[in-house]
Every structure is written in structure tokens, then in C-alpha cells.
There are 2 protein chains.
Amino acid sequence: MARRTDALSKERIVEVATGILDAGGEDALTFRTLTTRLSTGYGAIYHHVANKGELLAAATDEVVSGVIAGLDGGADPREGLRALALGLFDAIDTHPWVGAQLAAQPSRPALLDVYERVGERLHALGVPEPSLFDAAGALVNYVLGVAGQNAANARVLAHDDADRSTYLATVAAQWEDLDPERYPFVRRAATRLADHDDRAQFLAGVDLILAGIGAVHGR
Amino acid sequence: MARRTDALSKERIVEVATGILDAGGEDALTFRTLTTRLSTGYGAIYHHVANKGELLAAATDEVVSGVIAGLDGGADPREGLRALALGLFDAIDTHPWVGAQLAAQPSRPALLDVYERVGERLHALGVPEPSLFDAAGALVNYVLGVAGQNAANARVLAHDDADRSTYLATVAAQWEDLDPERYPFVRRAATRLADHDDRAQFLAGVDLILAGIGAVHGR
DNA sequence: ACCTGAACACCGTTCAAGT
DNA sequence: ACCTGAACACCGTTCAAGT
């Protein structure tokens, strides 16, 4: 215990960066805070990491890899897809910056594993080859869309440091003030906002896409 | 014709900002380029616009409003939804920064109109009230996910200034080099990448979600 | 009321110099 | 090979001063 400070490594840098991102959001991660926390100079970090983008990508890959690793490979394909989607949702919920990163960057390694799992399970579900890529794309892009919105919500919440319920109440109030002629649907949606469960709605969307895949291809 | 330079206004600032964004991407828009192009000082811009975020949001709203305004209100609801989705896709294709903005920011006014149109048409399609919000969310989030990825692709393409086909060939080559044991699906996808149509795949995803909505709710 | 532009605080990144 | 930290180029934003 209490051994000497670890030598600097990419893993250590990514680990500390993840901590900063989790605690303070994307704006908190600067090379200045990073050098302070690691008690080194800029050059030491640039020796292990090409630039800030690569650092963010590596941290994102790390989180997504954790989600993939935690999956039950033998599950029923439909359940497996739901578990993968929910795993990503929950990871993004606890690390909102991952959502922003995934929505904004193809981020090769992380998303490749996601596509692979999705493709594998859709194949097991009996989706024929040509449609497989469209179906996988639909599912993954839906997840990425939600990821981006979740990250945006977290950003607003962190910035205004209001809690979730007062934030939802504010948005609901704004929506209810809209022109009833022009925004009837949005105004009706506002009344549902208070008892609204992001996670449940996310899963409902996944199920809708799965239902579409089932409807188009046998079952 | 050739009348005096327009007085500075928010509309004029947004117009010039849009031009800069279209020509050089998100990085090209700085307050320095903006003051030069408008031949004013920083304060003049800040007098009309609170900060850079508001400027980007206003420019995004402008583009999305254009898409909404171009829609045929009387179309068959299913066709109307496809037209709205395609309209957003095409707008993001020509203004990739709009995709990044929509994926990263709730951007109230712009997305409110989108949600309203989607809700209205799903209602016309016979989707019952409680599921309406889930279905609208699924559709919009899918569009936003694709928007973010499109913006990311455009960023890579602009930065490496390779053309689209060599870029796709590079990605395909990378995917084909992956471990066949671990990434069988991605490797098969690589062979499809060359003759791959982003727009057609996007529309296939929309149709899949619409099929899911139809399967879950009567027709 | 509206505009000007020097100045400020703060980024990411580089690089000569050290060990 | 790996690390240090002053320095550079470049942001967004402010604000005293002008008209």
C-alpha cells in the first residue's frame, strides 16, 4: 500500500482524465488541470498522447469497452440487443461526456465493437444480409442520437446546477407558454414531462426499432 | 442596386456566420473572421448576439426553419414524415455544422418545430397518445444520431481534403484488416462500403422505425 | 443607441533545455 | 527515453472610450 507514484503512462493519463471529466464535465479537462493532477509538464503528456482529441477518444473507448465486456454473450439476441443499448445508455448517464463524444466522433475502436455486437445479434435474429447493415445503422444511430441529447441535458444541468425536477418544470412551463395554434403536440407533451422517465423512453425506442425489424423480416 | 452597406443586425450577422460555416466548417467561425467580414468591432457583434453559442443556435434555427417551411403540409402522413426526415438529412448534408449543432444541443426553437411536425403526423397515422411521445422521440433521436455522424464525416473529409471515394476506400481497408474472429460482421460490412448510399441507408432507417410504429399500433 | 479596438483570461501545443 | 515549463499562437469576451 501507499507505494510510490506510478510512472506516467497512457493508461494513467486516461484514468486521471476520466476522473476530471466525470467530476467537472468536458470544460474541466484542460492540459493545465491534467499536468497539475499528474504533477508533470505538458511535454510529458504529449509524449504519451498525440493531442486532446486522442485523449478524449481513448477515454471514450475505455468506457465503451467496459460496457461491451459486461455483456452476457449467450443471451437471447433480442434481449442481448436491449442489454447492449441499456448498457450504453447507463454508461452515458454516468459519463455524459461519453455521449457527446460518441455523437460527435466516429471514434473507431469503441463503435466498432458496438456495431459488431449489434450485427451479430441481428444476424441471430434472422435479419438477412443486405438489410443487416441498414438495421444495425438504425439501431446504433438511434442510440447515438439519444447519447447526444443526454449529454446536452447533463451540460445544462451541470451549468445551471439546478436539480432535475426543477429543470424539467422550467422546460415544461416554457412549452406550455407556446402558441397553442402552432404547437399543440409540444404543449400536450409538456404535461407529460414531469413524470417522464428518460431510460424507459429510450428503451421504448429500442423496442420500436426491433419491432420494425421484426415486421420487415419475418419475425 | 449597390446600395450602402446594410446596418448591422442579428439577421446580417447570422447570415455572414452561416456563409463562413458553410465555407470553412465550425473552426472557421471566429469573432475575428466575423468582425473582418462585417468590418466592425467585437462589441458591435456582442451588441446583437449574447455569445458564440447563441450565434450558432440562431444559424442552426435558420436552416431548420427553412426545411420546415419547405414541407408540403397536406401530404400523406407517412410520406410527410419521410419528407421531413429527408429534408433534414439534405440540409445537414449541405451544412454539416448544423448536424453537429443539433446532435450536441437541444437548440429549442429549431427542434420544437421538428417535434411538432413529427407528432402531428404520427397522430394522423393513428398512433395513440401515450405512445406518441415515445415514437416521436425515437424518430427524432434517430435523425439526430445520423446528423452527428454526418457532421463527423464531413469534418474528416474537410480536414484531410481527400475525396469521398478514397476516404471510403481507406475505411474499408482498415475494416478488412481487423481480426476476422473478433469482427466478422464489420469485415463483411466493409465490402459493402464502396457502393454504399448514405441517403438511402438513412431513409431505410426511417422506414424501419415507421414499420415498427405500424406494427405496434394497428397499422 | 450603437460601434471601436486594445486588453484580458484562458486555451492547446511546441520546443529548447534538462535528467 | 522521458520529463520540465517558458513561450507561442489563437481563442471568446470585456469594457473604457468614442460617435
Side-chain angles (χ1 to χ4, degrees), chain A residues 3-60 97 100-101 104-105 107 151-152 155-156 158-160, chain B residues 3-21 23-60 97 100-101 104-105 107 152 155-156 158-160:
Chain A
R3 56 182 162 118
R4 274 173 126 302
T5 308
D6 292 326
L8 204 54
S9 65
K10 186 167 175 179
E11 292 75 45
R12 174 111 187 88
I13 295 170
V14 169
E15 181 191 332
V16 170
T18 301
I20 295 172
L21 287 163
D22 284 345
E26 294 152 85
D27 289 350
L29 182 68
T30 69
F31 276 79
R32 269 149 248 257
T33 58
L34 210 47
T35 50
T36 308
R37 288 276 283 272
L38 289 163
S39 23
T40 46
Y42 303 111
I45 294 173
Y46 279 99
H47 193 266
H48 290 96
V49 151
N51 51 45
K52 192 177 180 178
E54 193 198 296
L55 178 55
L56 275 166
T60 302
W97 52 275
Q101 196 62 20
Q105 305 278 342
S107 178
R155 206 148 36 213
V156 176
H159 193 267
D160 302 358
Chain B
R3 55 183 162 118
R4 273 174 127 300
T5 309
D6 293 326
L8 205 54
S9 65
K10 185 165 176 180
E11 293 74 46
R12 174 109 188 90
I13 295 170
V14 169
E15 181 191 332
V16 171
T18 300
I20 295 172
L21 288 163
E26 294 153 84
D27 290 348
L29 181 68
T30 69
F31 276 78
R32 268 148 249 257
T33 57
L34 211 45
T35 50
T36 309
R37 288 277 281 272
L38 289 163
S39 22
T40 47
Y42 304 110
I45 294 173
Y46 279 99
H47 193 266
H48 290 95
V49 151
N51 50 46
K52 192 177 179 178
E54 194 198 296
L55 178 55
L56 275 165
T60 302
W97 52 275
Q101 196 63 21
Q105 305 277 343
S107 179
R155 206 148 37 211
V156 175
H159 194 268
D160 302 357

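Here is the naming used below: chain letters follow the sequence lines, and residue numbers restart at 1 for every chain.
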Below 4.0 Å: OP1/OP2 of C/dC3 and any side-chain N or O of B/H48: yes

Working to the nearest 0.5 Å, report the span between NE2 of B/H47 and OG1 of B/T40. 12.5 Å

So which heavy atom on A/R155 is nearest to which on A/A100, and how close? NH1-CB, 4.1 Å

Taking only Watson-Crick and G-U wobble pairs with both distances under 3.5 Å, what dot-bracket line describes DNA chain C, where [ ] shows pairs that cross earlier ones and | shows pairs with another strand? ||.|||||...|||||.||

Chi angles and distances behind the side chain to side chain contact (heavy atoms under 4.5 Å, CB included) call for B/K52, B/L29: CA-CA 9 Å; B/K52 192 177 179 178; B/L29 181 68; 4.3 Å; yes

Enumerate all atom pairs, one protein N or O and one N or O from nucleotides 4-7 of chain D, separated by less than 3.5 Å.
from: D/dT4; atom 1: OP2; to: A/G41; atom 2: N; distance (Å): 3.0
from: D/dG5; atom 1: N7; to: A/Y42; atom 2: N; distance (Å): 3.3
from: D/dG5; atom 1: O6; to: A/G43; atom 2: N; distance (Å): 2.8

Protein-nucleotide distance (A/H47, atom NE2; C/dT13, atom P), rounded to Å: 17 Å

If every non-hydrogen atom of A/A28 is compared with every non-hydrogen atom of A/T33, which pair is closest and at what distance? O-OG1, 3.3 Å

Interatomic distance, B/F31 atom CZ to B/N51 atom CG [nearest 0.5 angstrom]: 7.0 Å

What distance do A/L21 atom CG and A/D27 atom CG have between them, rounded to the nearest 0.5 Å? 10.0 Å

Could you walk me through whether A/Y42 and A/L34 pass side chain to side chain contact (heavy atoms under 4.5 Å, CB included), step by step? CA-CA 9 Å; A/Y42 303 111; A/L34 210 47; over 6 Å; no

Rounded interatomic separation in angstrom, taking CG from B/D27 and C1' from C/dC11: 14 Å

For DNA chain D, which residues of residues 49-56 of chain A approach it to below 4.0 angstrom with any heavy atom? none

Which heavy atom of A/Q101 sits nearest to which heavy atom of A/T60, and what is that distance? CG-OG1, 2.9 Å

Between B/K10 and B/E54, does at least one N-O distance fall below 4.0 Å, as a salt bridge requires? yes

Expressed as a whole number of angstroms, how long is the span from B/Y46:OH to C/dC8:C1'? 13 Å

Measure across B/A59 and B/T18 and return the closest heavy-atom pair with its distance rounded to 0.1 Å. CB-OG1, 3.8 Å

Can you name the closest pair of heavy atoms from A/I20 and A/R37 and give their distance? CG1-NH1, 3.8 Å

Nucleotide D/dG12, atom C1' - distance to CD1 of B/I20 in whole Å: 15 Å

In whole Å, what is the span from the CD1 atom of B/I13 to the C1' atom of C/dC3? 11 Å

